[in-house]
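Below, read A as the first sequence line, B as the second, and so on, with proteins coming before strands; counting in each chain starts at 1.
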Amino acid sequence: MEKKKGLSLQTILTIAGIALIYLLAFLLDRIPGVPIMLTTVLRKGAIYSLVAVSMNLLNGFTGLFSLGQAGFMLVGAYTFAAINISSGIRSTVYQYYDPLLKFSLTETLQNALGSTAGTVLGVFVSLLLAGLLAAVLAYLIGLPVLKLKSDYLAIATLGFAEIIRALVQLEAFAPVTNGSQLLRGFPYFTDTFMPFVIVGICIAVVVLLINSTYGRAFKAIRDDEIAAEAMGINLAHHKRMAFIISSFFAGISGALLAMYQTTVQANTFKSAMTYEILLIVVIGGIGSISGSCIGSFLFIACSEWWLRFLDNETYIGAFKVPLLRTGFRMVVFSVVIMIVVLFFRKGIMGTREISLAGLADRLRKESVKGGKEA
Amino acid sequence: MRNILEIKNLVVTYGGIEAVKGIDLKVEEGKIVTLIGSNGAGKSTTLKAIAGLVRPKTGEILFDGAELAGKSTDQIVSSGVTLVPEGRRVFENLTVAENLRIGAYLRKDSLADDLARVYDLFPRLKEREWQQAGTLSGGEQQMLAVGRALMARPKLIMMDEPSLGLAPIVVRGIFEIIREINRQGITVLLIEQNANMALKVADWAYVMQTGSILMQGSGKELAANEEVKAAYLGTAK
């Protein structure tokens with residue numbers, strides 16, 4: 001009984017906490033004079049949260065070490081862009097090619113349903129399609145790749161991600177992908193609330209999945225494949241599902257990134273991006289959803305804002321501050337990941353999740369303990 | 001009594017090397033049957049073949065009259081055969097309760113009765129219900145491994161060296177449990193290097209050597225057999 005009571009308190013506190021975050025995001029869009037850096041960090045951080053969670057679902061919860069995330073994001077981003085380029089500037093965007101897709105999903109829906117409803121539905125359907133195409137591709141790649149284990153799987157997925165990036169830039173696909181030129185002219189967002197809502201829904205789905213019997217099977221596979229198989233868990237099926245679901249959400253986050261950047265270019269989705277996401281997952285804690293979210297906001301804040309100064313040559317009077325120059329930020333990041341891997345292997349959260357009730361409980365226990373000792 | 005499991009001419013190979021060389025084996029319903037033998041005799045391989053974890057090259061594995069060879073492990077588990085793997089292999093980062101629920105992964109009905117039954121059998125697990133399995137002692141992990149397998153509601157439970165790496169007093173406890181499980185009507189197929197204990201609890205026993213069955217008999221008979229004594233019980237002739 002006690003257990004149940006604690007759970008409901010935790011649920012209430014969690015819902016309250018989440019509501020507060022959304023209220024703040026909502027208000028932020030309406031307050032003038034918010035530093036642009038803050039909104040950048042929040043928007044990009046939210047998008048990275050989703051892809052970090054999707055990677056964590058695979059690496060942290062199913063124990064499949066995959067490095068294909070950037071590739072699936074790319075598929076999502078290109079899908080979203082290609083089906084939504086507005087007719088007005090299509091010929092300018094596809095400067096050198098004859099565009100194959102001569103429609104814009106969002107525009108069509110806008111004409112049919114009116115501006116607001118059309119945009120919402122159009123973006124929603126496009127995001128879903130972006131995720132689905134990434135998922136289909138994951139299914140195909142998974143057929144040969146998921147037979148591999150640990151580092152071999154990592155190398156193979158990394159390879160496939162690079163192959164995707166190369167294919168997209170191929171001349172033959174240019175009528176859709178615009179070759180190595182960028183795609184633009186699709187719907188984007190100018191607020192913080194909308195990405196928060198979409199990312200929130202997606203992460204909620206992942207959380208529900210992880211806490212279902214299905215998720216328990218994923219964790220069993222992570223802990224001991226042979227025992228999981230002996231318990232009747234179909235390894236191939238569950239690994240495939242984890243891979244597909246993870247890629248689905250990576251695809252959606254890729255599409256969101258496209259919306260955030262307002263343009264898409266294949267070169268954004270290099271393997272360096274996958275490493276960034278891996279860094280976030282490791283710093284946040286492999287096997288912790290809230291850890292991945294905290295990690296991604298922290299990482300984006302550092303790379304976009306707080307540690308920017310490392311890349312700028314700085315003079316104090318006539319004295320040139322040593323080491324500060326373009327690229328030094330990456331050196332610092334590399335040192336940070338080495339320190340994390342060597343000394344804080346569990347990251348910020350380990351495998352735990354943030355829980356306000358748990359936090360309150362711990363504080364109470366500490367004070368009780370303190371009282372007893374005194 | 002009828003045979004719940006019947007193996008005919010089972011051959012299992014690992015990359016061309018025959019680990020099991022055409023054995024015949026019968027397990028009567030409601031009995032404890034043990035398979036003893038030294039390292040590399042092919043005991044574990046036999047169990048893995050029954051559980052579908054390795055594919056037999058030739059031979060028949062009949063369970064309740066249905067052919068198991070060639071079926072996948074999940075199909076085999078749902079037909080009523082579970083394996084307690086060698087070395088316990090609990091899911092270390094999951095709680096005791098989660099471990100038990102994984103054992104019943106393929107069942108869709110209510111688990112409350114079975115959880116109660118397992119906790120009844122192992123009160124220690126009830127105490128540690130919310131603890132991570134990795135923090136349990138070796139003996140407790142073995143209890144969990146057995147409890148997890150019971151959650152699938154098996155007709156036949158196969159145990160691969162449940163006494164491995166456990167203190168003698170814990171081993172005695174485990175064998176008590178094996179008897180108790182059997183009393184509740186579950187057939188047990190047991191692999192052991194601890195032949196002494198195994199022969200004591202077993203109704204029927206097989207001795208395996210380098211992939212073949214050397215002899216068989218009731219537990220008592222084999223325990224008294226001079227050859228078995230010399231080779232597996234550590235008593236001089």
* Part of residues 87-126 of chain B lying next to chain A, heavy-atom separation under 4.5 Å -> Arg89(B), Phe91(B), Glu92(B), Asn93(B), Leu94(B), Glu98(B), Arg101(B), Ile102(B), Gly103(B), Tyr105(B), Leu106(B)
* To do: Assess whether atom NZ of Lys71(B) is packed by more than 12 heavy atoms of other residues, nucleotides or ligands within 6.0 Å.
  => yes
* Structure fact -> In terms of heavy-atom pairs under 4.5 Å with chain A, the winner among Val84(B), Leu53(B), Thr82(B), Leu83(B) is Leu53(B)
* Quick check: are there more than 12 heavy atoms from other residues, nucleotides or ligands sitting under 6.0 Å from CZ of Phe333(A)? -> yes
* **Value rounded to 0.5 Å, distance of CG in Asn234(A) from OG1 in Thr73(B)** => 8.5 Å
* Asked: In terms of heavy-atom contacts, does CZ of Phe343(A) have more than 12 from other residues, nucleotides or ligands at under 6.0 Å?
  -> no
* To do: Using heavy atoms and a sub-4.5 Å threshold, report which of residues 146-158 of chain A line up against chain B, by residue number.
  => none
* Structure fact -> Residues Asp74(B) and Gly232(A): closest non-hydrogen pair is CB-O, 3.1 Å
